[in-house]
Participant: 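Okay, here's the structure, questions in a sec.
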Amino acid sequence: MINKRIERKKALDFSDKLLSWHQNINRGLPWVGIKDAYRIWLSEIILQQTRVEQGLPYYQQFIRRFPTVRSMAEATEDDVLRLWQGLGYYSRARNMYYTAGMVTQQYRGKFPTSYDELIKLKGIGAYSAAAIASFAANEPRAVVDGNVVRVLARVFGLSIDYQRSEGKKLFSHVAQQLLPVEKAGRYNQAIMDFGALQCVPRGPECGSCVMERICYASRKKQVARLPVKRKKHELKKRYLHFFIICHQDEVLIEQRTAKDIWKGLYQFPLIETEAETPFNELLQSDKAKSLGLEAMQGMKDINRHKQKLSHQELHFTVYQLWCRSNTFNTLARQYMAVPAIHLKKYSFPKTLAYYTDISLYSIK
DNA sequence: AATTCGGGGGT
DNA sequence: ACCCCAGAATT
């Protein structure tokens with residue numbers, strides 16, 4: 001089933017209908033129809049697992065701040081992470097920064113446009129390499145993203161889970177057979193727009209669809225069942241207790257370096273537990289003792305937040321405390337003591353970014 | 001070959 | 001609630 005063969009005539013029928021449908025489509029996206037491989041790359045990284053509407057403002061900010069790949073390479077990773085703050089999947093930003101340096105050095109700032117070169121770069125996988133190569137150089141590589149999987153699963157009745165490695169082979173093989181070699185860029189844009197605008201995940205209007213006659217799912221009433229995806233398992237719950245420890249106009253923060261969520265971002269001193277834990281129990285922990293929390297003032301100021309990630313359910317408890325100068329100076333050796341007015345220079349997880357607002361701190 | 005990386009919007 | 005998003009890296 002991995003090598004499903006699509007008849008030549010059927011492939012042409014599909015691509016013709018698709019390209020003809022796409023004649024009237026223009027979403028006005030700034031990275032569509034351009035040839036600058038750097039900008040195309042930037043858009044593809046931002047849009048990985050991210051909706052166009054969510055990524056668009058980030059794209060504009062990045063282009064304004066980093067007009068060229070060299071300008072990004074000359075910044076710091078912290079600069080890039082700060083601009084990326086709130087977008088999620090932060091390894092994209094770290095890999096993007098790394099690749100900007102690589103391209104600036106190895107390619108002298110001229111971004112590669114061939115699939116074989118692109119696929120070697122960090123943060124660029126099969127999808128992004130095909131997208132950049134086809135958009136920037138019209139190289140005939142078929143993209144397979146979530147939109148394409150949905151369209152192909154329905155039109156050609158592909159019922160294997162794309163997340164499985166067999167699924168990846170099948171979908172990319174089918175996609176490549178459908179690609180009209182001489183119109184690669186246009187076709188790739190068309191099939192993604194088709195998935196995003198017409199063949200939508202839930203409740204597509206098949207009655208007005210140009211593919212209705214040739215669509216397997218429409219004929220067999222399988223539209224709601226395709227594409228097939230494995231069910232996801234239960235979210236792991238984590239309890240994060242952050243302590244905003246202040247002294248005069250300064251606050252303690254640290255950078256996350258572990259192989260975990262938010263690597264590279266900053267946070268306030270943290271005590272993590274596996275279950276909900278009240279403050280007086282937290283005080284018993286070694287971490288609380290090393291922080292000297294018991295002697296601090298203001299533990300009645302508590303905020304709670306709940307945030308769901310794709311694999312975890314996070315329970316935040318945020319305390320604001322004031323401590324004496326000798327304690328603060330001791331802690332400032334393990335943490336960073338930062339003036340509250342400078343907190344906005346650091347990249348925080350979305351939920352914590354709220355606490356970088358200076359209005360929360362009474363600065364004299 | 002499966003899991004793990006955020007955060008937001010649609011239904 | 002649950003699903004899905006212009007996926008890639010890691011285990």
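Letters go in sequence order (proteins before strands), and every chain restarts at 1.
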Participant: Let's test your reading of the pairing rules: Watson-Crick or G-U wobble, both distances under 3.5 Å, then write DNA chain B as a dot-bracket string with ( ), [ ], | and dots.
Facilitator: |||||.|||||
Participant: Using 0.5 Å steps for rounding, measure from the CG atom of A:Leu283 to the OG1 atom of A:Thr277.
Facilitator: 11.5 Å
Participant: Using side-chain contact (heavy atoms from CB on, under 4.5 Å) as the criterion, point out the one residue from A:His342, A:Lys345, A:Lys344 that pairs with A:Thr356.
Facilitator: A:Lys344
Participant: To the closest 0.5 Å, what do you measure between OG (A:Ser71) and OH (A:Tyr38)?
Facilitator: 5.0 Å
Participant: Which of these, A:Pro269, A:Cys323, A:Cys246, sits in a side-chain contact (heavy atoms from CB on, under 4.5 Å) with A:Leu252?
Facilitator: A:Pro269
Participant: Could you grab the distance from atom CG of A:Asn95 to atom CE of A:Met102, nearest 0.5 Å is fine?
Facilitator: 11.0 Å
Participant: Are any side-chain N or O atoms of A:Tyr90 and backbone N or O atoms of A:Gly86, one a donor and one an acceptor, separated by less than 3.5 Å?
Facilitator: yes
Participant: Dump the intermediate steps for salt bridge (charged side-chain N to carboxylate O under 4.0 Å, His left out) on A:Lys17 and A:Asp13, then the final yes or no.
Facilitator: CA-CA 6 Å; A:Lys17 283 183 163 62; A:Asp13 196 10; 2.8 Å; yes
Participant: Under the criterion ring pair (Phe, Tyr, Trp, His ring centres under 6.0 Å), which of A:Phe66, A:Trp31, A:Trp84 is the partner of A:Tyr59?
Facilitator: A:Trp31
Participant: Across the strands shown, which category fits A:Trp84 at heavy-atom distances under 4.0 angstrom: base, sugar-phosphate, nothing?
Facilitator: nothing
Participant: Say we look at C:dA9 and B:dG8: how far apart would their C1' atoms be, to the nearest angstrom?
Facilitator: 23 Å
Participant: Measuring from atom CG of A:Leu170 to atom OH of A:Tyr162, what distance do you get when rounded to the nearest 0.5 angstrom?
Facilitator: 10.5 Å
Participant: Determine the interatomic distance between P on B:dT11 and the same-named atom on C:dA6; round to the nearest Å.
Facilitator: 13 Å
Participant: Among residues 266-275 of chain A, which contact DNA chain B at a heavy-atom distance under 4.0 Å?
Facilitator: none
Participant: Return the residues of residues 116-138 of chain A meeting this criterion: a heavy atom under 4.0 Å from some atom of DNA chain B. Order them by number, or give none.
Facilitator: none
Participant: Reading DNA chain C from 5' to 3', where do the contacts with chain A start and stop? Cut-off is 4.0 Å to heavy atoms.
Facilitator: C:dC4 to C:dT11
Participant: Nearest 0.5 angstrom please: A:Lys120 NZ to A:Tyr115 OH, how far?
Facilitator: 12.5 Å
Participant: Identify whether the distance between the nearest side-chain nitrogen and carboxylate oxygen of A:Arg141 and A:Glu139 falls below 4.0 Å.
Facilitator: yes
Participant: Nearest 0.5 Å, what's the OG-CD distance between A:Ser208 and A:Gln198?
Facilitator: 4.5 Å
Participant: Is there a donor-acceptor contact under 3.5 Å from the side chain of A:Ser285 to the main chain of A:Leu282?
Facilitator: yes
Participant: Got a sec? Which of residues 177-188 of chain A come in under 4.0 Å of DNA chain B, heavy atoms?
Facilitator: none
Participant: How does protein contact run along nucleotides 4-11 of chain B, one letter per nucleotide 5' to 3', with B for base contact, S for sugar-phosphate only, - for none, heavy atoms under 4.0 Å?
Facilitator: BBBBBBBB
Participant: For a ring pair (Phe, Tyr, Trp, His ring centres under 6.0 Å) with A:Phe268, tell me which candidate from A:Tyr354, A:Phe243, A:Phe348 qualifies.
Facilitator: A:Phe348
Participant: What's the gap between C:dC4 and B:dG6 when it is taken at their C1' atoms, as a whole Å value?
Facilitator: 13 Å
Participant: Determine the Euclidean distance between corresponding P atoms of B:dT3 and C:dC3; express it in Å to zero decimal places.
Facilitator: 16 Å
Participant: Determine whether the side chains of A:Asp357 and A:Ser359 contain a donor N or O and an acceptor N or O closer than 3.5 Å.
Facilitator: yes
Participant: Going by an N to O cut-off under 4.0 Å, is there a salt bridge joining A:Asp161 and A:Lys231?
Facilitator: no
Participant: Step by step, work out the ring pair (Phe, Tyr, Trp, His ring centres under 6.0 Å) result for A:Tyr355 and A:His305.
Facilitator: CA-CA 12 Å; A:Tyr355 296 96; A:His305 311 266; 5.7 Å; yes
Participant: With a 4.0 Å cut-off on heavy atoms, is A:Val32 in touch with a base, just the backbone sugar-phosphate, or nothing at all?
Facilitator: base
Participant: Just checking A:Gln85: base, sugar-phosphate only, or nothing, at a heavy-atom cut-off of under 4.0 Å?
Facilitator: nothing
Participant: Would you measure the distance from the P atom in B:dC5 across to the matching atom in C:dA1 and give it in whole Å?
Facilitator: 23 Å
Participant: Is it the case that the side chains of A:Gln222 and A:Arg225 hold a donor-acceptor pair, with the cut-off being a distance below 3.5 Å and no angle test?
Facilitator: yes
